[in-house]
Amino acid sequence: MMKPIHVLALALMGAPAVSQDREPSREQDQIVVVGEQNQPKKQREEIQEFVRALSTEEWDSPMTRFEKVCPGVLGLSPAQNTAIVARIRAVAAAAGIAVGDKACQPNLRMVVVPDKDEMLQLLKSKHPVLFRDYDGRPVEIVKEDGPATAWHVRERLDRRGNTLEPSESGVTYVDFDGASPRVLALYRPVAMGSMILIEQKGLIGLTTTQIADYAAMRAFTTIYPHRLSRSNAPTILRVMDSRIGDVTPLSLTQWDFAFLKSAYSVPPYSYSSSQRSRIRRAIDKELTADGSRK
């Protein structure tokens with residue numbers, strides 16, 4: 001049986017290209033993050049809200065992460081597609097996320113479309129497998145008012161790295177040894193693939209770097225967009241909600257990059273509550289150290 005991510009790649013390879021009135025400009029792939037001074041008294045509270053918005057797994061599950069990522073982009077000009085793919089690969093490598101070779105089968109797809117809701121319904125009717133995790137459970141797609149939507153297709157790996165599948169009776173059996181389940185989870189969710197649909201109108205005025213960094217953050221986190229409004233943290237994730245003339249980050253912010261680096265370095269089978277605690281400390285340490293250097 002073909003895994004969902006393979007079907008996803010095959011389904012989207014034939015997606016029609018679209019154009020924009022104002023094309024995003026090309027940028028270099030050097031990873032530069034935007035720092036910003038903050039009041040120490042408020043910093044920890046803002047970090048807590050930021051991490052809570054970007055990692056939405058329940059306490060009894062580790063955070064979802066890719067084992068290896070292979071980005072692909074459709075819907076812009078060939079040069080722009082290539083530039084965005086290169087930038088996402090660079091961001092992933094800099095954050096410590098394993099990246100496939102250039103001939104790998106894409107498991108992270110950013111697709112530019114005229115209407116995200118129409119495309120979402122089309123994919124659901126034509127390729128329902130793209131909306132089920134490997135064990136058959138439906139994926140969660142959070143309704144978004146903005147020009148983008150994203151979701152992950154997941155599988156679960158036990159501590160030995162084996163994919164967990166339910167039996168014919170629908171029960172999933174997990175063998176384990178070593179640390180108690182009170183200390184480490186018996187399995188962890190792994191992103192088999194991620195899809196980001198972005199409407200053309202959302203890209204007007206943005207550079208390829210901004211687009212790529214936004215897509216990277218959507219793919220490498222499990223963000224609930226509405227939770228982000230509770231945080232004042234500077235992040236590239238707000239770029240799709242900005243208007244022409246607004247001041248927006250030119251790339252990943254220091255907060256974004258600190259989150260990605262720490263999220264992909266915490267112990268993979270720790271529960272999310274422990275992982276988030278480590279991530280908060282890591283971000284606070286980096287921001288504080290950066291502030292002391294200024």
Side-chain angles (χ1 to χ4, degrees), residues 1-17 24 26-31 54 62-113 119 123 127 129-134 139 141 148-157 161-163 188-198 208-223 236 251-252 256-257 259-261 263-265 268:
M1 178 179 178
M2 186 176 294
K3 285 192 174 184
I5 191 58
H6 295 159
V7 178
L8 181 150
L10 292 174
L12 292 178
M13 284 304 293
R26 297 182 64 181
E27 297 287 334
Q28 295 180 345
D29 287 331
Q30 181 182 3
I31 304 302
L54 269 60
M63 291 167 53
T64 299
R65 303 194 303 196
F66 275 94
E67 289 287 273
K68 182 178 289 188
V69 66
C70 182
V73 177
L74 293 169
L76 296 174
S77 71
Q80 292 168 335
N81 292 341
T82 299
I84 293 172
V85 166
R87 174 69 181 186
I88 294 174
R89 293 175 69 91
V91 168
I97 304 170
V99 184
D101 60 35
K102 291 186 177 180
C104 61
Q105 185 74 43
N107 62 357
L108 183 167
R109 275 291 189 191
M110 189 198 96
V111 185
V112 180
V113 296
M119 178 57 74
L123 290 174
H127 306 285
V129 70
L130 304 183
F131 302 90
R132 292 197 300 270
D133 285 339
Y134 192 53
V139 302
I141 300 180
T149 192
W151 69 95
H152 295 84
V153 176
R154 299 176 174 90
E155 63 180 348
R156 294 185 293 173
L157 300 184
N162 300 315
T163 300
R188 61 188 176 96
V190 172
M192 298 169 60
S194 178
M195 177 76 78
I196 306 106
L197 301 179
I198 304 178
T208 53
T209 294
Q210 289 172 310
I211 298 167
D213 287 1
Y214 174 86
M217 287 297 292
R218 290 302 305 261
F220 300 145
T221 69
T222 55
I223 174 178
I236 193 67
S251 66
L252 288 174
D256 295 328
F257 197 54
F259 179 92
L260 290 183
K261 288 190 298 181
Y264 273 81
S265 65

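Numbering starts at 1 and runs along the sequence shown.
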**Asked** Step by step, would you call Thr163 with Leu157 a side chain to side chain contact (heavy atoms under 4.5 Å, CB included)?
**Response** CA-CA 5 Å; Thr163 300; Leu157 300 184; 3.6 Å; yes

Can you see which heavy atom on [X] is nearest to which on [Y], and at what distance?
X      : Y      : result
Met63  : Ala263 : CE-CB, 4.0 Å
Phe257 : Leu252 : CD1-CD1, 4.0 Å
Ile196 : Ala215 : CD1-O, 3.9 Å
Ala219 : Phe66  : O-CE1, 3.4 Å
Ala148 : Arg218 : CB-NH1, 4.4 Å
Ile84  : Val73  : CG2-CG2, 3.6 Å

Less than 4.5 Å apart, side chain to side chain, heavy atoms only: is that true for [X] and [Y]?
X      : Y      : result
Leu260 : Met217 : yes
Met110 : Ile211 : yes
Glu67  : Pro268 : no
His152 : Val139 : no
Val99  : Ile88  : no
Lys102 : Arg89  : yes
Met192 : Asn107 : no

**Message:** Just verifying a value: how many Å separate Arg109 CZ and Ser194 OG, rounded to the nearest 0.5 Å?
**Reply:** 12.0 Å

**Prompt:** Say you draw a straight line from OG1 of Thr209 to CZ of Arg87; how long is it, rounded to the nearest 0.5 Å?
**Reply:** 5.0 Å

**Prompt:** For the side chain of Asn81 and the backbone of Leu76, is there at least one donor-acceptor N/O pair under 3.5 Å apart?
**Reply:** yes

**Asked** Has the side chain of Asp256 got a donor or acceptor atom that lies under 3.5 Å from a matching backbone atom of Ile236?
**Response** yes

**Prompt:** Taking only residues at least two apart or on different chains, which pairs with a member in residues 90-99 satisfy salt bridge (Lys or Arg N to Asp or Glu O under 4.0 Å)?
**Reply:** none

**Request:** May I have all residue pairs that pass salt bridge (Lys or Arg N to Asp or Glu O under 4.0 Å) and include part of residues 71-81, sequence neighbours excluded?
**Result:** none

**Message:** Can you classify the ring geometry of Tyr264 versus Phe220 as parallel (below 30°), tilted (30 to 60°) or perpendicular (above 60°)?
**Reply:** perpendicular

**Request:** Could you please spell out the steps behind the side chain to side chain contact (heavy atoms under 4.5 Å, CB included) verdict for Leu197 and Trp151?
**Result:** CA-CA 9 Å; Leu197 301 179; Trp151 69 95; 4.0 Å; yes

**Asked** Using a distance-only test with no angle check, is there a side-chain donor-acceptor pair under 3.5 angstrom linking Arg154 and Thr64?
**Response** yes

